[in-house]
Chemist: 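Got a structure for you, questions after.
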Amino acid sequence: MKTDESENGRSGIQVIARAASILRTLKDNPSGMSLGQIATAVSLPRSTVQRIVNALQTERFIIANSNGSGLRLGPELGALAEATRYNIVEQCRILLTELTQTTGETSDLSVLRDGTMIFLDQVPGTQRLRTVSSVGEVFPVTSTANGRSSLSRLPREEAMKIAKREWERQNLPPQDAQFNQILDDAAQTGLAYDNHEHNDGICAIGFAFTDWSGEIHSVSVPVPSTRFDAKKDSIEAAILTTKHNIEKMMQRGQNGK
């Protein structure tokens, strides 16, 4: 009896791992995939993929494209992701508050989505002259500290594709060499900078992290240029402390502790 239970447990874990692999594959192919394409991508028999996909479709984790071009992620995953985002805001709020109290400057939380940075939360600074953004506001990725730090966590080819699409939208010439160096520096130090390249008169420092669902988020501290140089070292120290604390929080969540 114990042997059967143990075998059933291992089988259940294997199914979950395979389902996760299928979902990740569809995430990387948002236009849709056929059963055969999925089976090839995850190195599983088509019949096995069919059984798992059927179960995922029942739960609306996977749906068929309306034009019949294959299967894609379903709306139920979006609902779960939304719940996770709210949880991220809740979990990070105390750390943003501590960062603002330490620096006196505004602290922002944003998420990388569809090649843009979307603001999720903000703790305003205590200074009279301070930066303010609205939750839900969309910011570019190539000229902001939060965007640059987020792109530095992606495979470089993917990051540069996102950057090039943004430059095309903005009618800007490619800046491959310069931007590659920016991403190299961010990947090496863990911090990215905006030296009033997004908004004249505002500088920022940011770092990125990956949450429990695999989404890339960033915490950034925007500062008026008039006091940035004088406060840069202290802000760097404070934001590195916040980075360390968030990474510990993410690790505890992954370990279920």
Side-chain angles (χ1 to χ4, degrees), residues 1-93 109-121 135-136 138 150 153-155 157-159 161-162 165 208-218 246 249-257:
M1 183 65 176
K2 289 183 179 180
T3 300
D4 290 342
E5 289 178 352
S6 176
E7 290 177 352
N8 288 338
R10 286 196 297 270
S11 176
I13 291 171
Q14 185 182 59
V15 170
I16 292 171
R18 288 174 170 177
S21 179
I22 290 170
L23 292 173
R24 291 191 184 99
T25 297
L26 289 175
K27 182 194 73 172
D28 294 335
N29 295 273
S31 61
M33 300 177 71
S34 67
L35 274 175
Q37 289 173 327
I38 296 171
T40 299
V42 299
S43 301
L44 289 172
R46 183 187 174 101
S47 58
T48 300
V49 171
Q50 177 74 72
R51 288 195 299 271
I52 296 173
V53 164
N54 287 344
L56 292 171
Q57 282 185 291
T58 300
E59 300 298 331
R60 290 179 60 77
F61 291 146
I62 290 177
I63 61 174
N65 275 331
S66 57
N67 60 8
S69 61
L71 300 160
R72 62 183 176 86
L73 296 181
E76 191 62 26
L77 282 173
L80 292 176
E82 192 65 30
T84 300
R85 286 194 285 275
Y86 284 121
N87 186 258
I88 283 291
V89 170
E90 179 182 329
Q91 294 293 326
C92 290
R93 172 48 83 111
L109 174 68
S110 54
V111 61
L112 175 65
R113 190 167 304 130
D114 297 327
T116 62
M117 298 305 301
I118 301 175
F119 271 58
L120 300 180
D121 197 18
V135 171
V138 178
S150 295
R153 294 186 68 91
L154 292 174
E157 182 179 357
E158 182 180 352
K161 284 182 180 178
I162 293 173
R165 286 198 297 268
F209 65 93
T210 303
D211 73 2
W212 306 290
S213 67
E215 280 199 309
I216 297 177
H217 292 73
S218 178
I246 286 184
M249 180 177 69
M250 293 297 114
Q251 188 63 43
R252 287 198 300 270
Q254 289 175 347
N255 293 337
K257 295 180 179 179

Chemist: Who passes ring pair (Phe, Tyr, Trp, His ring centres under 6.0 Å) against Phe61, sequence neighbours left out?
Modeler: none
Chemist: Run the side-chain contact (heavy atoms from CB on, under 4.5 Å) test against Pro45 and tell me which residues pass, sequence neighbours left out.
Modeler: Ser47, Thr48
Chemist: From Arg51 CZ over to Leu44 CG, what is the distance, rounded to the nearest 0.5 angstrom?
Modeler: 10.0 Å
Chemist: On a heavy-atom basis, which atom in Ser21 and which in Val42 lie closest, and how many Å separate them?
Modeler: OG-CG1, 3.4 Å
Chemist: Pair Gln57, Leu71 - check side-chain contact (heavy atoms from CB on, under 4.5 Å), show working.
Modeler: CA-CA 9 Å; Gln57 282 185 291; Leu71 300 160; 3.6 Å; yes
Chemist: Measure the CG-CD distance between Leu120 and Glu215 for me, rounded to the nearest 0.5 Å.
Modeler: 8.5 Å
Chemist: With side-chain contact (heavy atoms from CB on, under 4.5 Å) as the criterion, how do Arg153 and Thr210 come out once you've worked through the C-alpha distance, each side chain's angles and the decisive distance to 0.1 Å?
Modeler: CA-CA 8 Å; Arg153 294 186 68 91; Thr210 303; 3.4 Å; yes
Chemist: Return yes if some donor-acceptor pair links the side-chain N/O of Gln37 with the main-chain N/O of Ser34 below 3.5 Å, else return no.
Modeler: yes
Chemist: Output all residues satisfying side chain to side chain donor-acceptor pair (under 3.5 Å) with Asp114, sequence neighbours left out; order by chain, then residue number.
Modeler: none
Chemist: Please identify each residue that fulfils side chain to side chain donor-acceptor pair (under 3.5 Å) with Ser150, with sequence neighbours left out.
Modeler: none
Chemist: With side chain to side chain contact (heavy atoms under 4.5 Å, CB included) as the test, pick out the partner of Thr25 among Ile22, Asp28, Asn29.
Modeler: Asn29
Chemist: Could you grab the distance from atom CD of Gln91 to atom CD1 of Ile246, nearest 0.5 Å is fine?
Modeler: 10.5 Å
Chemist: Can you see which heavy atom on Arg72 is nearest to which on Gly32, and at what distance?
Modeler: CB-CA, 4.4 Å
Chemist: Tell me, please, which residues at least two apart from Lys161 pass salt bridge (Lys or Arg N to Asp or Glu O under 4.0 Å).
Modeler: Glu157
Chemist: Are Leu23 and Ile62 close enough, and set up right, to give a side-chain contact (heavy atoms from CB on, under 4.5 Å), and what steps lead you there?
Modeler: CA-CA 8 Å; Leu23 292 173; Ile62 290 177; 3.9 Å; yes
Chemist: Determine whether Leu112 and Ile118 make a side-chain contact, defined as any pair of heavy atoms from C-beta on separated by less than 4.5 Å.
Modeler: no
Chemist: Okay, side chain of Thr58, backbone of Asn54: is any donor-acceptor separation there less than 3.5 Å?
Modeler: yes
Chemist: Tell me the closest heavy-atom pair linking Met250 and Ile88, and the distance in Å.
Modeler: CE-CD1, 3.9 Å
Chemist: For Arg165, which residues count as a salt bridge (Lys or Arg N to Asp or Glu O under 4.0 Å) partner, sequence neighbours excluded?
Modeler: none
Chemist: I want to check something: taking the side chain as every heavy atom from C-beta on, are Arg60 and Pro75 in contact at a cut-off of under 4.5 Å?
Modeler: yes
Chemist: In sequence, state the C-alpha distance, the side-chain angles, and the governing distance for Met249 and Cys92, and then conclude on side-chain contact (heavy atoms from CB on, under 4.5 Å).
Modeler: CA-CA 9 Å; Met249 180 177 69; Cys92 290; 3.9 Å; yes
Chemist: Closest heavy-atom contact between Val53 and Leu35?
Modeler: CG2-CD2, 4.0 Å
Chemist: Kindly give the heavy-atom pair with the smallest separation between Ser218 and Met117, and that separation in Å.
Modeler: CB-CE, 4.1 Å
Chemist: Taking all heavy atoms of Ile162 and all of Gly115, pick out the closest pair and write down the distance.
Modeler: CG2-CA, 3.8 Å
